[in-house]
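Numbers here are sequence positions counted from 1.
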Amino acid sequence: MVALASPIETSLETGARIGVQNVSHWFKQQTGGVLQVLDDISIDVKPGEFVALLGPSGCGKSTLLRLVAGLEPATAGTITQDGAPITRPDPSRIVVFQDPTLFPWRSVWDNVALGLQARGLLKSQRSRVDDALRLVGLTEFAKSFPHQLSGGMAQRVALARALVNDPQLLVLDEPLGKLDSLTRIAMQSELVNLWQRAGFSALLVTHDVEEALFLANRVIILSDRPARITAELVVDLPYPRHRGHPRLAELRHEALRHLGLDATW
Ligand SMILES: Nc1ncnc2c1ncn2[C@@H]1O[C@H](COP(=O)(O)OP(=O)(O)O)[C@@H](O)[C@H]1O
Ligand SMILES: [Mg+2]
């Protein structure tokens with residue numbers, strides 16, 4: 001089965017095109033009222049594009065990601081992948097959360113193998129687990145267990161577990177939010193490498209302005225709840241980026257202004 005070997009390493013396929021059109025969302029509350037969380041959001045993620053969503057805590061970012069992942073239907077509007085409506089979760093769209101949620105009783109290798117195992121593909125595609133571990137630099141820790149890993153390593157396992165499925169869209173919900181700042185900076189660079197090599201589209205939620213600007217082609221800024229799009233910044237810099245680039249400082253200033261934070265920086 002040579003044809004199936006290591007699609008992760010060699011994938012030239014572009015990522016998914018995601019269309020979010022006029023999406024609004026409400027939650028029913030215990031009190032009988034409704035809480036509007038999203039207000040007429042439209043976003044077009046192009047194949048292979050990296051889009052970051054930046055917005056205040058509680059504005060509805062995770063909700064939007066859940067809708068794109070297909071975990072629940074939007075109250076209004078449509079969400080499509082390559083033109084087809086998203087109605088349920090699918091292995092072509094993988095979500096990575098802030099907490100890596102590894103199974104403590106499974107080794108690193110077995111955690112990464114989960115998706116292939118669930119789809120009955122593990123026997124024929126074992127080498128993909130090794131490829132994914134190599135991509136995130138954890139080959140030597142394949143036999144370790146989650147409690148033996150640092151926070152950054154655990155999050156790399158979660159990324160490998162996502163990448164082994166060869167996703168067309170990687171949905172990232174503050175994936176680096178709990179890491180210390182040095183690990184976080186290192187992981188941001190790794191994420192850029194992985195994205196450039198694998199070619200998936202990415203939709204990242206973060207409340208870290210620098211992170212959004214360092215990673216994304218486009219940064220979409222959301223208002224307080226219900227989230228509306230208040231601005232869109234195109235990060236017109238090639239990869240890999242240099243954190244000290246004056247253009248990033250300008251864009252940071254602009255992003256903070258749109259977030260309503262007076263630029264005393
Ligand atoms: N399943 C749910 N039922 C009711 N309210 C919810 C639910 N999920 C989220 N919310 C509410 O929706 C708002 C937005 O939540 P969330 O999307 O998690 O925000 P963010 O990720 O931007 O911090 C919050 O006020 C939250 O309490
Ligand atoms: Mg959230």
Side-chain angles (χ1 to χ4, degrees), residues 15-47 49-90 92-99 101 162 167-178 200-209 211-213 215-235 251 254-261:
R17 173 182 290 277
I18 300 294
V20 176
Q21 285 124 19
N22 305 107
V23 164
S24 296
H25 198 69
W26 291 264
F27 286 116
K28 287 201 180 72
Q29 291 185 297
Q30 308 286 356
T31 55
V34 292
L35 181 75
Q36 187 176 6
V37 177
L38 301 173
D39 183 12
D40 199 26
I41 303 275
S42 296
I43 299 169
D44 189 28
V45 181
K46 296 176 199 70
E49 194 181 20
F50 201 128
V51 174
L53 303 173
L54 198 54
S57 180
C59 78
K61 302 181 296 298
S62 294
T63 302
L64 180 56
L65 292 191
R66 290 176 56 78
L67 302 183
V68 170
L71 294 167
E72 53 189 302
T75 315
T78 56
I79 306 184
T80 56
Q81 175 172 351
D82 299 323
I86 291 175
T87 54
R88 62 176 74 86
D90 187 271
S92 67
R93 299 184 301 274
I94 304 281
V95 191
V96 176
F97 297 102
Q98 193 172 52
D99 284 309
T101 59
Q168 291 172 38
L169 176 73
L170 196 57
V171 176
L172 301 155
D173 195 352
E174 305 196 33
L176 312 181
K178 286 201 173 158
F200 49 78
S201 310
L203 190 56
L204 165 82
V205 156
T206 178
H207 51 238
D208 182 332
V209 177
E211 181 167 291
L213 294 172
L215 293 172
N217 298 119
R218 246 178 335 132
V219 178
I220 290 171
I221 298 178
L222 303 171
S223 68
D224 278 324
R225 192 187 67 230
R228 275 175 301 103
I229 295 177
T230 57
E232 182 184 310
L233 305 179
V234 174
V235 188
L251 286 165
E254 216 175 306
L256 289 170
R257 188 166 54 77
H258 286 297
L259 285 164
L261 297 164

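- Side-chain contact between T80 and Q21 is present, with heavy atoms from C-beta onward closer than 4.5 Å.
- Partner V96 forms a side-chain contact (heavy atoms from CB on, under 4.5 Å) with one of D173, L176, L172, L204 and no other, that one being L172.
- Rounding to the nearest 0.5 Å places CG of L259 at 9.5 Å from SG of C59.
- Using a cut-off of 4.0 Å between Lys/Arg side-chain N and Asp/Glu carboxylate O, D99 and K178 are scored as salt-bridged.
- Pairing each heavy atom of K46 with each of S201, the nearest pair is O-OG, 3.6 Å.
- Formation of a donor-acceptor pair under 3.5 Å by the H25 side chain with backbone atoms of A74 is not found in this model.
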Q36 vs W26, side-chain contact (heavy atoms from CB on, under 4.5 Å): CA-CA, chis, key distance, verdict: CA-CA 4 Å; Q36 187 176 6; W26 291 264; 3.4 Å; yes
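- Taking every heavy atom of both residues into account, V68 and I79 meet most closely at N-CD1, 4.1 Å.
- When every heavy atom of L71 is checked against every heavy atom of P89, the shortest pair comes out as CD2-CG, 3.8 Å.
- Between T206 and D208, the side chains place no donor N or O within less than 3.5 Å of an acceptor N or O (distance only, hydrogens not considered).
- Counting all heavy atoms, side chain and backbone alike, K61 lies closest to L54 at CD-C, 4.4 Å.
- When atom types are taken as modelled, the side chain of N22 and the backbone of G77 share no donor-acceptor pair closer than 3.5 angstrom.
- Here the straight-line distance linking atom CG of N217 with atom CD of E49 works out to 5.0 Å at 0.5 Å rounding.
- Here the straight-line distance linking atom CZ of R228 with atom CD1 of I221 works out to 13.0 Å at 0.5 Å rounding.
- S223 places a side-chain N or O within donor-acceptor distance of the main-chain N or O of P226, the cut-off being under 3.5 Å.
- Distance check: R218 CZ to L53 CG gives 9.5 Å after rounding to the nearest 0.5 Å.
- With a 4.5 Å cut-off on side-chain heavy atoms, T63 and F27 count as touching.
- Between L67 and E72, the closest side-chain pair of non-hydrogen atoms falls below 4.5 Å.
- Atom CG in L251 sits 11.0 Å away from atom CG in L256 (nearest 0.5 Å).
- Of all non-hydrogen atoms in D224 and P56, the two that sit nearest each other are OD1-CG, 3.0 Å.
- Across L170, L65, V95, I18, a single residue satisfies side-chain contact (heavy atoms from CB on, under 4.5 Å) together with L203, and that is L65.
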Test log, rule side-chain contact (heavy atoms from CB on, under 4.5 Å), inputs I229 and L222: CA-CA 5 Å; I229 295 177; L222 303 171; 3.9 Å; yes
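- What you find for I41 and V20 is that their closest heavy atoms are O-CG1, 3.5 Å.
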Does R17 form a salt bridge (charged side-chain N to carboxylate O under 4.0 Å, His left out) with D44? I'd like the steps, not just the answer. CA-CA 7 Å; R17 173 182 290 277; D44 189 28; 3.1 Å; yes
